[in-house]
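The figures here come from the full heavy-atom set of this structure, side chains too, leaving out hydrogens, waters and symmetry mates.
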Amino acid sequence: MRRTLITAAAATALAFTLAGCGGGDSDVDAASGQTSPPAATASADAESAGSADDGAAAATKEACDMAVPVSEENTANIEDDFGKLIAAAVEGGSAAETAESEFRSKLAGWSGMLQSLAVDPVDADVQQALTEAADVVAQINDPDDNTPMGQVADLLAEATGKLKTACA
């Protein structure tokens, strides 16, 4: 994304430089050190800022389109996931280990996705909601976490709600 913006800015600057050298009195342009009219430079700066805003808006939309449905689905299924985990623990043996590993992998993947989206150039409120949701999921996934199961669904629902609000 940044490479595209830098390349576009360089190409724009080169085009304005060539346009400045091609017309009018080139000695005057060279003597003043001005390669393009001030209005053109201001216009290029405005276009670059507009492109950055468009890029942030697109990244925000993409992050929200990805994070909200996954968070809603995982939040809705957390109690079922706990039920499967408990059933496997009662069964014992390798089934319990496998179920716990799958459960923790799912949470780690979810948290990782939210964290990776939070480092994209997204709106600040969306970035904060993504970071907070990732932290909640990571906390729940921590083997040393003592959050009661009854509160886990509420914590996830709250984090998902904040994410949805930020993305709205």
Side-chain angles (χ1 to χ4, degrees), residues 1-13 41-92 94-168:
M1 178 75 159
R2 289 183 184 173
R3 289 183 190 165
T4 305
L5 289 175
I6 292 170
T7 303
T12 302
T41 302
S43 175
D45 290 345
E47 285 180 27
S48 177
S51 296
D53 290 343
D54 291 344
T60 299
K61 181 181 179 341
E62 185 177 323
C64 288
D65 288 350
M66 188 179 301
V68 170
V70 169
S71 295
E72 287 177 326
E73 180 181 343
N74 286 337
T75 297
N77 294 331
I78 194 69
E79 290 181 10
D80 289 340
D81 292 342
F82 273 135
K84 292 175 187 173
L85 185 60
I86 291 169
V90 169
E91 186 178 315
S94 65
E97 292 174 14
T98 302
E100 182 177 2
S101 176
E102 289 174 358
F103 178 76
R104 295 206 180 278
S105 292
K106 181 178 181 178
L107 291 176
W110 181 14
S111 177
M113 178 203 63
L114 294 171
Q115 288 171 341
S116 70
L117 293 172
V119 298
D120 287 344
V122 297
D123 292 341
D125 54 338
V126 171
Q127 183 179 40
Q128 181 178 351
L130 287 165
T131 301
E132 288 176 6
D135 290 346
V136 167
V137 176
Q139 172 193 334
I140 292 165
N141 196 30
D142 184 350
D144 295 329
D145 180 54
N146 293 322
T147 304
M149 279 192 245
Q151 291 179 4
V152 168
D154 293 339
L155 289 172
L156 292 175
E158 181 181 341
T160 299
K162 287 180 181 180
L163 182 58
K164 287 172 60 175
T165 299
C167 287

Exercise for the section: Working to the nearest 0.5 Å, report the span between CD of Glu100 and OG1 of Thr98. Expected result: 10.5 Å

Practice task
List in chain and number order the residues that pass side-chain hydrogen bond (donor to acceptor under 3.5 Å, both in side chains) with Lys106, two or more places apart in sequence or in another chain; answer none if no residue qualifies.
Solution key: Asp81

Completion exercise
By side-chain hydrogen bond (donor to acceptor under 3.5 Å, both in side chains), Glu91 pairs with (sequence neighbours left out) none

Practice task
Locate the shortest heavy-atom distance separating Ala67 from Leu130; write the atom from each residue and the value.
Solution key: CB-CD2, 3.7 Å

Problem - Validation row: Trp110, Thr75 side chains within 4.5 angstrom (heavy atoms) - result: yes

Exercise for the section: Nearest 0.5 Å please: distance from the NZ atom of Lys84 over to the CD atom of Glu79. Expected result: 13.0 Å

Side chains of residues 146-156: which donor-acceptor partners sit under 3.5 Å, not counting sequence neighbours?
{"residue": "Thr147", "atom": "OG1", "partner": "Gln139", "partner atom": "NE2", "Å": "3.3"}
{"residue": "Thr147", "atom": "OG1", "partner": "Asp145", "partner atom": "OD1", "Å": "2.9"}
{"residue": "Thr147", "atom": "OG1", "partner": "Asp145", "partner atom": "OD2", "Å": "2.9"}

List, one per line, each side-chain donor-acceptor pair under 3.5 Å for residues 112-121, sequence neighbours excluded.
{"residue": "Ser116", "atom": "OG", "partner": "Gly112", "partner atom": "O", "Å": "3.4"}
{"residue": "Ser116", "atom": "OG", "partner": "Met113", "partner atom": "O", "Å": "2.9"}

Practice task
Can you see which heavy atom on Val122 is nearest to which on Ala59, and at what distance?
Solution key: CG1-O, 3.6 Å

Handout entry: Residue list, side-chain hydrogen bond (donor to acceptor under 3.5 Å, both in side chains) with Glu72, at least two apart or on another chain
Key = Lys164

Handout entry: Pro69 to Cys64 - nearest heavy-atom pair and separation
Key = CD-O, 3.8 Å

Problem - Within residues 57-69 or reaching into it, pairs that qualify as salt bridge (charged side-chain N to carboxylate O under 4.0 Å, His left out) - sequence neighbours excluded - result: Lys61-Asp65

Practice task
Would you mind reporting whether Phe103 and Ile78 have side-chain heavy atoms less than 4.5 Å apart?
Solution key: yes

Exercise for the section: Kindly indicate whether the side chain of Ser111, heavy atoms from C-beta on, has any atom under 4.5 Å from the side chain of Asn141. Expected result: no

Handout entry: Considering all heavy atoms, the nearest Ala88-Ala99 contact
Key = CB-CB, 3.4 Å

